[in-house]
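Okay, so here's the structure we're looking at.
Just so you know, these numbers come straight off a predicted model, no measurement behind them. To find a chain, count down the sequence lines: A is the first, B the second, and so on, and within it residues start at 1.
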Number of protein chains: 2
Amino acid sequence: MATIKDVAGAAGVSVATVSRVLNDNGYVHEETRTRVMAAMEKLNYYPNEVARSLYKRESRLIGLLLPDITNPFFPQLARGAEDELNREGYRLIFGNSDEELNKELEYLQTFKQNHVAGIIAATNYPHLEEYSGIDQPVVFLDRTPEGAPSVSSDGHTGGKLAAEAIVHRSKHITLLKGPAHLPTAQDRFHGALEVLQQADVDFQIIETASFSFKDAQALAKELFAIYPETDGIIASNDIQAAAVLHEALRRGKKVPEDIQIIGYDDIPQSELLFPPLSTIKQPAYDMGKEAAKLLLSIIKKQPLAETAIQMPVMYIRRNTTRKEEKDA
Amino acid sequence: MATIKDVAGAAGVSVATVSRVLNDNGYVHEETRTRVMAAMEKLNYYPNEVARSLYKRESRLIGLLLPDITNPFFPQLARGAEDELNREGYRLIFGNSDEELNKELEYLQTFKQNHVAGIIAATNYPHLEEYSGIDQPVVFLDRTPEGAPSVSSDGHTGGKLAAEAIVHRSKHITLLKGPAHLPTAQDRFHGALEVLQQADVDFQIIETASFSFKDAQALAKELFAIYPETDGIIASNDIQAAAVLHEALRRGKKVPEDIQIIGYDDIPQSELLFPPLSTIKQPAYDMGKEAAKLLLSIIKKQPLAETAIQMPVMYIRRNTTRKEEKDA
DNA sequence: TTGAAAGCGATACCAG
DNA sequence: CTGGTATCGCTTTCAA
């Protein structure tokens, strides 16, 4: 692998000059420039990023920490971030935490040791001192610790929208309360709860331990066993909604005639369920993108208008909810 | 950020000694070791990976190139690779190519410039000279160029299994031929074709341009319009199968009574369709894992038993295929 | 058992 | 406009 020295030798100039043409700064005579370029071409030279990063004490890498890329909500966040970051020549060091503290800490450590230019983290532990005592800028995704730069979506409104979507046409509503340790899930929950409490409906709450399909399946069976009269279900994410939908159909219920179901997230697969799932859309791709933009401006030390970005959510009516009649 | 020099200073030794305790090699007196360790502790020191990589001309990073993490098949590959690699302390630089040559080349370039220890690539262009003229070891995933280390699954057998799963109980089979430029899709196709040709059934082939849900939706509509008598469909992946299933149900067909459908891949969402999708499982997570293992042994220059690993596929019977009667 | 010093491959300052 | 050189933080001889 050719180094800057080789190029310098081949072009009959000093490494300083090569560096100048490489970075296009400082003066360099047109003729020597072409000579250097020719040498680079001939030697098939490309600069060693590692050496560069060492000198600059900063790499062109960004750390991206996600709970689990296997959960369909996250790939979109990742793509949004990646696409935006690439435009500025940054690349991703990527890691899944599985929401385990020690994995998260290990990745943070990796990010620091590799002197990433910045970090985007979807974490349950934004208040870790490991985050505050960090040299690199951090943008939190899907979590909004006071004062820190973050991108999230409006879970409270989302929860309300979900409840409103079915509250007028269901009599016995079941509200699935997502994992207690996830603030985002709790925002949705409280939003929905607010609407249900103000409406004149019978409703019950079921606690759910996780977002996984396995757990959701068990939960769905339990749900119908305990509350057979349920005719409206507000799930805390789409996977859960799919499991419930599944179980409802298996029991011969008609959806949305007998029972309405609304999910949350709008993962790509929701459209592909049958019937297509009505849900609350979080703009995942755009959230990733915004997080990247925000991080980029912090890296470039640009003045920021807002540092806690909240993205809007949207009710996507598909076929697991009935068309709402004009409100009385 | 403390450097090795600071530690050396604090411990009253040379950087060489610190380096020795850091890497646990060479002789170092027990007492000085503890002194050094104490200093590291006190200064909250951690080694700079960038400097290390520069000297060693190799980082602890592995390049992972995937077509699109947004496609549910790939996150599992990624996780399999990540989990295995982490066990040895390697991390991932991750990139999506979107099957675009120039994006792929850019990522390859990034991998080289960052002196990754190795590369795992799910690519359509394994024969690029950029791959052969590369210093780092490369393992191809989901593609098997002659002679190069690779991990894939047995698409031909998979295709046969798919066809066999429905051939005896459907009379008018539609075989969806996946994207022509994807060898894996073509393997499946030919496997299935072989079975159909040998069986006494009426069948037709439909070309499909992509694996995307959008395209698959259009294709599904077309399919039923052109071949309304179809009672068995072999899709070239699960997304496609889902779209077809969707359309079948929309048209009031009963699945699997009126029409059998079989997918390919066994993405996590397949189980969550209604009815749950019968499909051919590719062990994606394990494929990622095997690719990582293979790469690791190449990096460590261990002798390899086999360099082109082929993983088995499996028929997963769920509810879009009918139980097969004992063959006559 | 330890330290001094020469790299690793770039960047940037200072002279000329 | 160009070159020499210190520097980034670490690893690894080579001597002592």
Side-chain angles (χ1 to χ4, degrees), chain A residues 1-37 39-40 43-61 89 109-117 135-136, chain B residues 1-37 39-40 43-61 89 109-117 135-136:
Chain A
M1 219 224 64
T3 74
I4 197 173
K5 233 177 196 162
D6 302 328
V7 175
V13 297
S14 76
V15 297
T17 300
V18 178
S19 177
R20 280 186 204 103
V21 348
L22 215 45
N23 299 290
D24 206 19
N25 62 16
Y27 298 91
V28 35
H29 193 92
E30 198 45 41
E31 191 217 314
T32 65
R33 152 173 277 109
T34 51
R35 199 142 39 86
V36 170
M37 305 249 276
M40 300 207 282
L43 297 178
N44 207 280
Y45 170 81
Y46 52 91
N48 181 331
E49 266 298 315
V50 181
R52 243 179 204 177
S53 302
L54 176 58
Y55 185 86
K56 301 238 180 168
R57 292 187 195 69
E58 174 173 317
S59 74
R60 302 286 289 172
L61 264 16
Q109 189 60 23
T110 297
F111 296 160
K112 292 203 256 182
Q113 297 198 203
N114 284 89
H115 287 260
V116 298
D135 287 333
Q136 290 88 347
Chain B
M1 220 225 62
T3 75
I4 197 174
K5 232 178 197 162
D6 301 327
V7 175
V13 298
S14 76
V15 297
T17 300
V18 177
S19 177
R20 281 188 202 103
V21 347
L22 216 45
N23 299 290
D24 207 20
N25 63 15
Y27 296 92
V28 35
H29 193 93
E30 196 46 40
E31 191 218 315
T32 67
R33 153 174 275 111
T34 52
R35 202 142 37 87
V36 170
M37 306 251 275
M40 301 207 282
L43 297 178
N44 208 280
Y45 169 81
Y46 52 90
N48 181 331
E49 265 299 316
V50 181
R52 241 178 204 179
S53 304
L54 176 57
Y55 184 87
K56 301 239 181 165
R57 292 187 196 71
E58 173 173 318
S59 74
R60 302 287 288 173
L61 264 16
Q109 188 61 22
T110 297
F111 296 161
K112 292 203 257 183
Q113 297 198 206
N114 284 91
H115 287 261
V116 298
D135 288 331
Q136 290 88 349

Over how many whole Å does the gap from [X] atom [atom1] to [N] atom [atom2] extend?
| X | N | atom1 | atom2 | result |
| --- | --- | --- | --- | --- |
| B/N23 | D/dT12 | CG | P | 6 Å |
| B/N25 | C/dT1 | CG | P | 14 Å |
| B/D24 | C/dT1 | CG | C1' | 15 Å |
| B/L54 | D/dG9 | CG | C1' | 9 Å |
| A/K112 | D/dG9 | NZ | P | 16 Å |
| B/I4 | C/dC8 | CD1 | C1' | 15 Å |
| B/E31 | C/dT2 | CD | C1' | 13 Å |
| B/R33 | C/dT2 | CZ | C1' | 13 Å |

Heavy-atom side-chain contact between [X] and [Y] under 4.5 Å:
| X | Y | value |
| --- | --- | --- |
| B/V36 | B/R33 | no |
| B/Y46 | A/K112 | yes |
| B/Y55 | A/V50 | no |
| B/D135 | A/M1 | yes |
| A/P47 | B/Q113 | yes |
| A/N23 | A/R52 | yes |
| B/R57 | A/N48 | no |
| A/R60 | A/V116 | no |

Quiz prompt | Side chain of B/Y27 - closest among C/dT1, D/dC8, D/dC1 | solution =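 So the side chain of B/Y27 is nearest to C/dT1.
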Self-check item: Out of C/dA10, D/dG9, C/dT11, whichever nucleotide has its closest atom nearest the side chain of A/T3
Solution: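 Of C/dA10, D/dG9, C/dT11, C/dA10 is nearest to the side chain of A/T3.
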Classify the nucleic acid contact of [X] as base, sugar-phosphate or nothing, counting any heavy atom under 4.0 Å across all strands shown.
| X | result |
| --- | --- |
| B/S19 | base |
| A/S53 | nothing |
| B/V13 | sugar-phosphate |

Quiz item: Nearest nucleotide by nearest heavy atom, which residue falls closer to the 5' end of DNA chain D, B/L22 or A/T17?
Solution: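 With A/T17 and B/L22 compared, the 5'-side residue is A/T17.
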Practice problem: Give the intermediate values and the outcome of side-chain contact (heavy atoms from CB on, under 4.5 Å) for residues A/S19 and A/I4. | Solution: CA-CA 8 Å; A/S19 177; A/I4 197 173; 4.0 Å; yes
Quiz item: Counting only non-hydrogen atoms, which of residues 44-51 of chain A are less than 4.0 Å from DNA chain D?
Solution: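 Output list: empty, so none.
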Quiz item: Under 4.0 Å: is that the gap between some side-chain N or O of B/R52 and OP1 or OP2 of D/dT11?
Solution: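 Answer yes for this pair, as a side-chain N or O of B/R52 is under 4.0 Å from OP1 or OP2.
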Quiz prompt | Residue mapping more 5' on DNA chain C - nearest nucleotide basis, B/K56 or B/V28 | solution =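 Checking each residue's closest nucleotide, the 5'-ward one belongs to B/V28.
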Quiz item: Roughly how far, to the nearest 0.5 Å, is OG of A/S59 from CG of A/L54?
Solution: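 With rounding to 0.5 Å, CG (A/L54) is 11.5 Å from OG (A/S59).
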Measure all distances between protein nitrogen or oxygen atoms and nitrogen or oxygen atoms of nucleotides 4-7 of chain C, and list the pairs falling under 3.5 Å.
none

Exercise. Ignoring hydrogens and angles, tell me if any N or O in the side chain of A/D24 forms a donor-acceptor pair with the backbone of A/V21 under 3.5 Å.
Key: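 Between the backbone of A/V21 and the side chain of A/D24 there is no qualifying donor-acceptor contact (under 3.5 Å).
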Quiz item: Within the distance-only criterion (no hydrogens, no angle test), does the side chain of B/E58 pair as donor or acceptor with the backbone N or O of B/A117 below 3.5 angstrom?
Solution: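 Between the backbone of B/A117 and the side chain of B/E58 there is no qualifying donor-acceptor contact (under 3.5 Å).
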Practice problem: Give me the bend of the helix from C/dT1-D/dA16 to C/dG16-D/dC1, using the axes of the five pairs at each end, rounded to 10°. | Solution: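 Between the first-five-pair axis and the last-five-pair axis there is 50°.
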